[in-house]
Amino acid sequence: SPIGRHAFTEVVDSATLADPDGQLFSLMQVRLHTGRTHQIRCHLAHEGHPLVGDPVYGGITPSWCQRHWLHAWKLSLQMTRGPVAVQVPVPHDLRRAVQRLRPAE
């Protein structure tokens, strides 16, 4: 935005998946180069891919996923004492939800 601060989100990888009803979804791995509030939610919605479970930015909330489909599985920061890296497995509820999806045709 001309009045907002610069923000850069890189889409590293993506796949198009379908739920049992044929609704299409994009599963994406993104890398943040800046750390703005709502950055992922805003950028993906702007590109036509709002987060599942995020009605504020236009995402639908299907019965099989009752929360935001957003998980920081890997976080790397450069701190004054050196780099810090953390990895967190995908939560069980999101793993169950993704198991309902299949590659889109």
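Residue numbers count from 1 along this sequence.
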Trainee: Can you pull out every ring-ring contact (aromatic ring centres under 6.0 Å, His included) where at least one residue sits in residues 10-39? Sequence neighbours excluded, please.
Mentor: Phe8-His33, Phe25-Trp64, His38-Tyr57
Trainee: Tell me whether Leu27 shares a hydrophobic cluster with Leu101, the cluster being built from Ile, Leu, Val, Met, Phe, Trp, Tyr side chains joined at under 4.5 Å.
Mentor: yes
Trainee: Which residues satisfy the salt bridge (charged side-chain N to carboxylate O under 4.0 Å, His left out) test with Glu105, sequence neighbours excluded?
Mentor: none
Trainee: Output every pair passing side chain to side chain donor-acceptor pair (under 3.5 Å) with a member in residues 71-89, not counting sequence neighbours, ordered by first then second residue.
Mentor: none
Trainee: Between Val90 and Leu17, is there shared hydrophobic-cluster membership here, with clusters defined by ILVMFWY side-chain heavy atoms closer than 4.5 Å?
Mentor: yes
Trainee: From Thr16 OG1 over to His49 NE2, what is the distance, rounded to the nearest 0.5 angstrom?
Mentor: 7.5 Å
Trainee: Of all the heavy-atom pairs spanning Thr61 and Pro55, show the shortest one and how long it is.
Mentor: OG1-CD, 4.2 Å
Trainee: Please check: side-chain N/O of Arg31 versus main-chain N/O of Val12, any donor-acceptor pairing under 3.5 Å?
Mentor: no
Trainee: Would a 4.5 Å heavy-atom cut-off, applied to side chains only, mark Ile60 and Gln23 as touching?
Mentor: yes
Trainee: Minimum heavy-atom separation for Ala18 to Leu24, with atom names?
Mentor: CB-CD2, 3.9 Å
Trainee: Just how far is it from atom CG of Leu44 to atom CE of Met28, taken to the nearest 0.5 Å?
Mentor: 5.5 Å
Trainee: Identify the heavy atoms of Ala7 and Thr34 that sit nearest to each other, and give their distance.
Mentor: CA-OG1, 3.2 Å
Trainee: Between Ala72 and Val88, which heavy-atom pair has the shortest distance, and what is it?
Mentor: O-CB, 4.2 Å
Trainee: For Cys65 and Leu94, work out which heavy atoms get closest and say how close.
Mentor: SG-CD2, 4.1 Å
Trainee: Distance-only, no hydrogens or angles: does the Arg36 side chain make a donor-acceptor pair with backbone N or O of His6 under 3.5 Å?
Mentor: yes
Trainee: What I'd like to find out is whether the side chain of Val11 reaches to under 4.5 Å of the side chain of Glu47, using heavy atoms alone.
Mentor: no
Trainee: Between His68 and Asp54, is there a side-chain heavy-atom distance shorter than 4.5 Å?
Mentor: yes
